[in-house]
Amino acid sequence: MTKEKTVKDSVVIAEVQLLLAEKRTSLSVLRTGITVLILPLSVMSFLIATEKYYDFFNTLHFMVPLLLLNFALIVLGAYLIFRSLRRMHHNDLIIKQLKLKHTIIGELIN
């Protein structure tokens with residue numbers, strides 16, 4: 001192997017490592033989005049389970065801000081999940097292109 005090919009191969013491998021690091025970051029954002037999405041669901045299930053102990057209309061001044069906060073958390077969680085899935089798909093496409101273009105990557109990654 002020539003020195004030029006070795007340098008080129010190491011640059012391609014470093015690029016794939018960077019893309020895989022970005023994919024790990026996207027997976028952690030996905031995990032965070034799922035957690036943020038679950039929080040309002042658990043709060044609402046608690047409120048539904050304890051609804052016989054309070055009157056909804058007497059506690060409306062507490063419920064409206066809570067429902068707005070839950071809605072905002074649901075939107076944030078859905079955004080994080082969607083963004084994470086889109087980034088992972090994008091990174092997978094780039095890795096697939098690199099595998100087709102460079103044989104050394106095709107040998108290392110299935």
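Just the heavy atoms: all of them, side chains too, but no hydrogens, waters or symmetry mates, feed the values below. The first residue of the sequence shown is numbered 1, and numbering continues consecutively from there.
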- Query: Could you give the distance from CG (Leu47) to CG (Leu67), rounded to the nearest 0.5 Å?
  - Reply: 8.0 Å
- Is it possible for you to say whether Phe46 and Val36 belong to one hydrophobic cluster, with membership spreading through side-chain heavy-atom contacts below 4.5 Å? no
- Message: Could you tell me if the side chain of Val43 sits less than 4.5 Å from the side chain of Leu73, heavy atoms only?
- Response: no
- Query: Same cluster or not: are Met44 and Met63 linked, directly or through other Ile, Leu, Val, Met, Phe, Trp or Tyr residues, by side-chain heavy atoms under 4.5 angstrom apart?
  - Reply: yes
- From Leu69 atom CG to Ile74 atom CD1, the distance as rounded to the nearest 0.5 Å: 10.0 Å
- Query: Any side-chain heavy atom of Met88 sitting closer than 4.5 Å to one from Leu85?
  - Reply: yes
- Message: Would you compute the distance between atom CD1 of Ile81 and atom CG of Leu76 and round it to the nearest 0.5 angstrom?
- Response: 9.5 Å
- Message: Exactly one of Gln97, Arg87, Lys23 should register a side-chain hydrogen bond (donor to acceptor under 3.5 Å, both in side chains) with Asp92. Which one does?
- Response: Lys23
- In the single-linkage hydrophobic clustering (I, L, V, M, F, W, Y; side-chain heavy atoms under 4.5 Å), do Leu60 and Phe62 co-cluster? no
- Message: Between Glu15 and Leu18, is there a side-chain heavy-atom distance shorter than 4.5 Å?
- Response: no
- Query: What distance do His89 atom NE2 and Ser26 atom OG have between them, rounded to the nearest 0.5 Å?
  - Reply: 12.5 Å
- Query: At what distance, to the nearest 0.5 angstrom, does CG of Leu100 lie from CD1 of Ile95?
  - Reply: 12.0 Å
- Message: When you compare the side chain of Lys101 with that of Val12, does any pair of heavy atoms fall below 4.5 Å?
- Response: no
- Message: Tell me whether Ser84 contacts the main-chain N or O of Leu80 through its side chain, where contact means a donor paired with an acceptor under 3.5 Å.
- Response: no
- Item | Neighbour count above 12 (heavy atom, 6.0 Å) for Tyr54 OH | yes
- Does one hydrophobic cluster hold both Leu39 and Val29, with members joined at side-chain heavy-atom distances below 4.5 Å? yes
